[in-house]
Number of protein chains: 2
Amino acid sequence: MTRRLETFLDSLTQASSLDDLQSSVVRLRDVYEVEHLVYHSVKSTGQQYAALTYDPSWVDHYVAEGFEKIDPVVQGCFQRFTPVDWKRLDWSHKSARTLLGDGITAGLGNQGFSIPIRGPAGQFALFTVNHKASDEQWASFTTEYMHELILAAHYMNERALAMEGSDEIKAGQSLSPRETDALTLLAAGMNRSQAAERLKISEHTLRVYIESARFKLGAANTTHAVANALLRGLICL
Amino acid sequence: MTRRLETFLDSLTQASSLDDLQSSVVRLRDVYEVEHLVYHSVKSTGQQYAALTYDPSWVDHYVAEGFEKIDPVVQGCFQRFTPVDWKRLDWSHKSARTLLGDGITAGLGNQGFSIPIRGPAGQFALFTVNHKASDEQWASFTTEYMHELILAAHYMNERALAMEGSDEIKAGQSLSPRETDALTLLAAGMNRSQAAERLKISEHTLRVYIESARFKLGAANTTHAVANALLRGLICL
DNA sequence: AATTCCCTCCCCAGAAATAGGGAGGGAGGT
DNA sequence: ACCTCCCTCCCTATTTCTGGGGAGGGAATT
């Protein structure tokens, strides 16, 4: 393991606040001598959890324009597991090119490399390196540092999740086997009578499981309960 | 990056079948000189995608007993982001101790270390090292190799997902912004009237979006559509 | 031995979702 | 310019789900 990564991981383990994460990111950016380094969790509910080196005015502009909804980086990483070079993404959409242009105006480099990371409760985050470079320079940079970046992304996310308190195991929120079965079948698209038939129980009984699961999950309705269970990793198709 | 990891990654990039993954895992197991090395994707639908060094009879027993439903390794990793030492898991349940006993009888070591990995469409997989060792030996092993194991897990999963064809972007399956909004609010537990009010459209219009999304996703009902959209990463709470 | 889940079954009334249909305006891309 | 997709609104009837209630047996933990 390289020294620069060790140093970063040390600074992470000592991090106890978002500001600390921010400092770590800035230092790592300087070590790699790139334009920008960004960690941010993606939530459609609005608020994001981020540590980044972008200019605040760019971030404001990005949020104000609702760019997270059309950003090919966000959308593309959302759909894949592997880290991706920005060049490989689909920039054909008009709004995407607007975003790209605005970004470069705001001081972003033309090259980018983003690593998607997923947490246990459906959390999704991006770890991104951005730089001004030629395609050749960038290819050699990403090839050389990919392993390190993946690890950096992993540990960065680990710290961020720990601060969110999301890595704690939720007590008493586990579902019983039958409740899990019920929600799983509903998530798979069955209605109650089909699911009951599959589980070889009466539809009435199935309903009790669904209600019980809904109660445990604090869900308002079946759809909410299924969504919650999926996000919390309580069921898996 | 260490040579042993490079060798493993090379063998992975050449892997084109599950058998190749299996061979890679066996070789890496020998390099690390541990009892067992396991990659397996976890699906409640039954079939799993695995490359492992366990004895087939143990795997059969595990499946036959339905151990995946009560295995603290699976359950525990499902709930967290960080790699975890088996000792830190909750083995207090009776069935968990049965599993542990059966495992050791079947030739598993007393120590284990598992890394959870999540894919873009809700896939969940485990990368596990198992060995016979004292607590001290094991602690030093995991500390020394954790970075490598995380990377190995990452690339292993990358190959497995590529073979499943899950890293390809699904064409034409994207939802329109309003459809995304609608499903997102439903996933958050709102009913149609609440969601319509939030989006400032009529409930009738909202219904059209839901139906349209259901059609695009090939979903049988709203719950199915929401579950699908969550798993495909089309919506995010 | 007592308690605390979990599994199973049942009723009913009201609320919500579903399956069909139709219609017009607007933005983007070929 | 045309075509396609998206957004918006409206109707009706049928099916399904939700929210209350109650009850008994079994397994596991304390």
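Sequence lines set the chain letters: A, B, ... in the order given, protein chains first and strands last, and positions in each chain run from 1.
For B/Phe124, the ring pair (Phe, Tyr, Trp, His ring centres under 6.0 Å) criterion is met by B/Phe78, not counting sequence neighbours.
Atom NZ of A/Lys94 is separated from atom P of D/dC6 by 17 Å (rounded to the nearest Å). Taking atom CG on A/Asn191 and atom C1' on D/dT14, their separation rounds to 14 Å, with Å as the unit. The distance from atom CD of B/Glu211 to atom P of D/dT15 is 17 Å, rounded to the nearest whole Å. A straight line from CG of A/Leu183 to C1' of D/dC17 spans 14 Å, rounded to a whole angstrom. At whole-Å resolution of the value, CZ in B/Phe215 and P in D/dC6 are 12 Å apart. B/Ile70 places its CD1 atom 18 Å from the P atom of D/dA27, with the value rounded to the nearest Å.
Checked by atom type, the side-chain pair B/Thr223/A/Thr223 shows a donor-acceptor distance below 3.5 Å. Under 3.5 Å, the side chains of A/Thr205 and A/Ser202 contain a donor-acceptor pair of N or O atoms. No donor-acceptor contact under 3.5 angstrom links the side chains of B/Tyr209 and B/Asp181, judged on distance only.
Closest-nucleotide positions on DNA chain C for A/Glu179 and B/Met190 were compared, and the one nearer the 5' end corresponds to A/Glu179. Checking B/His93 against A/Arg192, the closest nucleotide of DNA chain D that is more toward the 5' end is the one next to A/Arg192. Residue-to-nucleotide proximity on DNA chain D shows that, of B/Ser95 and A/Leu186, the 5′-proximal contact is made by A/Leu186. Nearest-nucleotide mapping onto DNA chain C: of A/Asn221 and A/Val208, the residue sitting toward the 5' end is A/Val208.
Residues B/Val73 and B/Trp86 are in side-chain contact: their nearest non-hydrogen atoms beyond the backbone lie under 4.5 Å apart. Side-chain contact check for B/Phe67 versus B/Asp102: some heavy-atom pair is nearer than 4.5 Å. Looking at heavy atoms from C-beta onward, B/His154 lies in side-chain contact with A/Phe81 at the 4.5 angstrom threshold.
Contacts between residues 195-206 of chain A and DNA chain C, counted as heavy-atom distances below 4.0 Å, involve A/Ile201, A/Ser202, A/His204, A/Thr205.
Within the structure, salt bridge (Lys or Arg N to Asp or Glu O under 4.0 Å) contacts touching residues 186-196 of chain B (residues at least two apart or in different chains) are B/Arg192-B/Glu203. Pairs engaging residues 103-113 of chain A under the side chain to side chain donor-acceptor pair (under 3.5 Å) rule: A/Lys87-A/Gln111, A/Gln111-A/Asp135 [sequence neighbours left out].
Protein chain A touches strand DNA chain C; the 5'-most and 3'-most nucleotides with an atom under 4.0 angstrom of its non-hydrogen atoms are C/dC6 to C/dG29.
Of the candidates D/dC6, D/dG19, D/dC10, the closest approach to any side-chain atom of A/Arg207 belongs to D/dG19.
We find the CG-CZ distance between B/Leu149 and B/Phe113 to be 6.5 Å, quoted to the nearest 0.5 Å.
Note on A/Ala220: only backbone sugar-phosphate atoms sit closer than 4.0 angstrom, heavy atoms only; bases stay farther off.
A rotation axis mapping the C1' atoms of four pairs onto the next four is fitted at both ends of the helix from C/dA1-D/dT30 to C/dT30-D/dA1 over five pairs, and the angle between these axes is 80° to 10 degrees.
A 6.0 Å sphere centred on CZ of A/Arg97 holds more than 12 heavy atoms belonging to other residues, nucleotides or ligands.
The side chain of B/Ser212 contributes no N or O atom lying less than 4.0 Å from OP1 or OP2 of D/dC6.
In plain terms, the two heavy atoms of B/Leu217 and B/Ala225 that are nearest each other are CD1-O, 3.4 Å.
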